[in-house]
2 protein chains.
Amino acid sequence: MSITIKDVAKRAGVAPSTVSRVIADNPRISMETKKRVRKAMKDLGYHPNINARNLAVRSSQSIGVIMPSSADVALQNPFFPEVLRGIGSHLHEVEYSLYVSTGGNEETTFEEVQRMVNGNRVDGIILLYSRMNDPVQEFLMEKKFPFVIVGKPFENESEITYVDNNNVQASKDLTNHLIELGHQHIAFIGGSKELTVTSDRLHGYRSAIKEASLPLPDEYIIHTAFLKSGGREAVEKLFQLDTPPTGLVVADDLMTLGVMNALEELGINCPEDVSITSFNNLYLSEITTPALTTVDIQIYNLGVQSARCLLELTKNKDEPAKRIIIPYDIKYRKSTTPIN
Amino acid sequence: MSITIKDVAKRAGVAPSTVSRVIADNPRISMETKKRVRKAMKDLGYHPNINARNLAVRSSQSIGVIMPSSADVALQNPFFPEVLRGIGSHLHEVEYSLYVSTGGNEETTFEEVQRMVNGNRVDGIILLYSRMNDPVQEFLMEKKFPFVIVGKPFENESEITYVDNNNVQASKDLTNHLIELGHQHIAFIGGSKELTVTSDRLHGYRSAIKEASLPLPDEYIIHTAFLKSGGREAVEKLFQLDTPPTGLVVADDLMTLGVMNALEELGINCPEDVSITSFNNLYLSEITTPALTTVDIQIYNLGVQSARCLLELTKNKDEPAKRIIIPYDIKYRKSTTPIN
DNA sequence: TTGAAAGCGCTAACAA
DNA sequence: TTGTTAGCGCTTTCAA
């Protein structure tokens, strides 16, 4: 069939193990034989069989990435390709490969994780979401399988390596920005309560509001489904209140897009009637009208760092859990303005 | 280390080969021993080692998906997660896994493909883009490695299996829709000329315009970079012409988003001043204001079908090349209106 | 219907 | 510095 290490060995007049050593660039092989072997590899068009290698060394040189189950439209969020890009770029450097799960629902996703882990397909796993009572996370914990979370774990925080932003502070900053602009009535629109990212951002918003002694009616906090319906409902609810908000903290740019369009339909103008702040700095936050004031969370970098951490973990299973906080940067654009 | 087939064999009091046959659900094994073996597997928590299996059968039960090199912002297009979702759903059914390339540029992507193919990491490959002079495609052709394209190959069309929409006709329909609404000055905004998808859509636009004997000045055809800059430049160019268009055929919803916002800044209203038609039916096409008239190309289904075809190809290398055309469906919404 | 044994292609002691 | 050899865990003839 394919050209194996034996063929190369024969042609170079050495033992297979020598060829193996040349592949690994073992320093105790003379430069001369290395050259000869490499030439033989070239001549024959040799490429190592990864499965055989993996079997022998009991690793796979690849890692798995788990997305939120794709039933969720959230998957259409450009966040995901962007972190993947970051993860991929780092993996590529170290010649690792990338498996992704794209299970349709929680169950199939879980099955895929099990296949990855139990079948030795991957050396480690990156979770691109974090929420409470996640069977996947529990499974990995219990198996003591190397994994890192992009985001913050809901529990066992000290035992899990994760990379995240300081979402609480970022959200607080955003809210304070609105407060400094004179806004007194500020509402929060977030995603599912189960997600840590939502609860952190809510938390930051809350504490800023409290510190400024501003009103914080329950109706100002909306947890909503993603996108169209979500944005619309949220807007409808908020703007039929007796005192509708003049400032908004929205947990995701994509949601904001929905919110803005719902507002427009109601004839409410941004930023004249309502100032909007948002999260993620997706490219689309620059092309909306007005351009969004949003938190750049460095999605790409979140990806890179998570890959880096995971690789460390796989090299050394006893590596202590750590937490990497990626700095954020608020992009002040046109969607916020002082209250008049 | 891990529990192997031998452990199971021992516990069940059979030979390893028998266990293997039970795993494969070989019909010549008595129901009784099957039961016994399965119980042993459960008791021990056995999971087959995929690398060993792959080595023995010389396959990998996984396929690779190649994205356009991610230097391109295009990657932020929700098209990709969506088609991945389709691919993943089918693969999951047949217990295959999914590798993705996320090379940063053309070169690293090419390297990754080589690693996938030469290292026997994957049994087949899906290309999520198609453009002229693509080294990846040439490499796969030459190696006779099973692959399918989502989109249409630029050359060797009859030798390559691909799944696509009838983009020419769809674009023609879109253009005709504008023509029927009374528009006489219709422009086309597309992406890179190198991409088949762009050239097909341009082609359809062209032929509709010609058949209606409408003017087709060169300035009405814009090839632009993606997104913000692209959309803006395109709009600026078009709307400083002596006779600016009143109708637009844009090759992608995301571009359209950029276009719409650029228009808004110039004080040009959609659909009053200009009717816009677009492609892909991304969820965001519903939440823009106005909602977009756009072609639903069934992204998810493109993914499913491409996976299905690829698996057939891997089973049978001599499977003749085929072409799957996924029907499209134009969603008529609010971004188009009769000319007044 | 089942078992024994060889082999998939590679790595890693252990020798030399 | 290099070769010999024994696996890694599974599948698959060939025999029984």
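Within every chain, numbering begins at 1; the chains are lettered A, B, ... in the order of the sequence lines, protein sequences first and strands thereafter.
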Using whole Å, report how far [atom1] of [X] lies from [atom2] of [N].
X     : N      : atom1 : atom2 : result
B/N26 : C/dT2  : CG    : C1'   : 10 Å
A/R28 : C/dA16 : CZ    : C1'   : 13 Å
A/M41 : C/dG9  : CE    : C1'   : 15 Å
B/N54 : C/dC8  : CG    : P     : 16 Å
A/R58 : C/dC10 : CZ    : P     : 17 Å
B/R53 : D/dC10 : CZ    : P     : 11 Å
A/N51 : C/dT11 : CG    : P     : 12 Å
A/I50 : C/dC8  : CD1   : C1'   : 15 Å

Which nucleotide in the set [options] lies at the smallest distance from any side-chain heavy atom of [X]?
X     : options               : answer
B/T4  : D/dG9, D/dG3, C/dT2   : D/dG9
B/I5  : D/dT4, D/dT11, C/dC10 : D/dT11
A/A52 : D/dC8, C/dC10, D/dC14 : C/dC10
B/A56 : C/dT2, C/dC8, C/dG9   : C/dC8
A/V57 : C/dT11, C/dC10, C/dG3 : C/dT11

Counting the atoms with a prime plus P, OP1 and OP2 as sugar-phosphate, which does [X] contact under 4.0 Å by heavy atoms, base, sugar-phosphate, or nothing?
X     : value
B/S20 : base
A/V19 : nothing
B/S17 : base

Kindly indicate whether the side chain of B/R21 and the base of D/dT13 share any N or O donor-acceptor pair separated by less than 3.5 Å? yes

